[in-house]
Amino acid sequence: MDWYASALESKYAMQIIMAVKDHPGASKTEIMRLDSTNEKTRYARINHLIKIGLIEVQTGGNQWNTSRLYLTPAGQEVASHVESINKTMKKLYESTPEEINEDSE
């Protein structure tokens with residue numbers, strides 16, 4: 001795999017991208033509250049996704065000290081591909097014999 005794709009392999013990266021897609025304009029705190037996993041790791045991952053250009057931060061609005069998160073066009077494209085992968089995997093799972101599905105639980 002290419003080095004730049006490893007950003008998506010990082011823990012929580014795809015979950016965060018999909019959370020920002022589903023909750024555009026949410027703050028970092030709101031995104032982090034959607035899941036009770038390691039906050040330090042998730043916060044670092046959000047910052048990394050901002051740094052590489054998949055998430056953008058907008059400030060201002062009603063709360064002057066709150067930054068709002070949005071997907072960039074590249075982030076929207078990644079989210080679209082993740083959704084396609086999820087749909088394909090769901091179809092595979094639904095068409096797989098029950099005894100194989102039980103092994104994955």
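Because the structure is predicted, anything quoted here is derived from the model rather than measured. The figures here come from the full heavy-atom set of this structure, side chains too, leaving out hydrogens, waters and symmetry mates.
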### Query
Which atom pair, heavy atoms only, marks the closest approach of Tyr12 to Arg45?
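Smallest interatomic distance, heavy atoms only, reads C-CG, 4.2 Å.
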### Query
Is it the case that more than 12 heavy atoms not belonging to Tyr70 sit under 6.0 Å from its OH atom?
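Enclosed: over 12 neighbouring heavy atoms sit under 6.0 Å from OH of Tyr70.
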### Query
Which residues satisfy the salt bridge (charged side-chain N to carboxylate O under 4.0 Å, His left out) test with Arg42, sequence neighbours excluded?
Asp35
### Query
Can you name the salt bridge (charged side-chain N to carboxylate O under 4.0 Å, His left out) partners of Glu77, sequence neighbours left out?
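Result, salt bridge (charged side-chain N to carboxylate O under 4.0 Å, His left out) vs Glu77: none returned.
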### Message
Could you check whether any side-chain N or O of Thr88 sits under 3.5 Å from a backbone N or O of Ser84, counting only pairs where one atom can act as donor and the other as acceptor?
### Response
yes
### Message
Under the rule for side-chain hydrogen bond (donor to acceptor under 3.5 Å, both in side chains), what residues qualify as partners of Thr29, not counting sequence neighbours?
### Response
none
#### Entry: Test side-chain hydrogen bond (donor to acceptor under 3.5 Å, both in side chains) applied to Asn47 - qualifying residues, sequence neighbours left out
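Partners of Asn47 by the side-chain hydrogen bond (donor to acceptor under 3.5 Å, both in side chains) criterion, ordered by chain and then number, come out as Lys28.
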Kindly list each side-chain donor-acceptor pair under 3.5 angstrom involving residues 48-58, sequence neighbours excluded, with atom names and distances?
residue, atom, partner, partner atom, Å
Glu56, OE2, Gln58, NE2, 3.4

#### Entry: Partners meeting side-chain contact (heavy atoms from CB on, under 4.5 Å) with Ala79 (sequence neighbours left out)
Ile17, Met18, Lys21, Leu71
### Query
Are any of the side-chain heavy atoms of Val78 and His81 separated by less than 4.5 Å?
no
### Task
Might you work through the side-chain contact (heavy atoms from CB on, under 4.5 Å) test for Asn86 and Met89, ending with a clear yes or no?
CA-CA 5 Å; Asn86 284 338; Met89 295 305 293; 5.5 Å; no
### Query
Does the pair Glu30/Arg68 count as a salt bridge with the N-to-O cut at 4.0 Å?
yes
### Task
Give, for atom CE of Met14 and atom CD1 of Ile16, the distance between the pair rounded to the nearest 0.5 Å.
11.5 Å
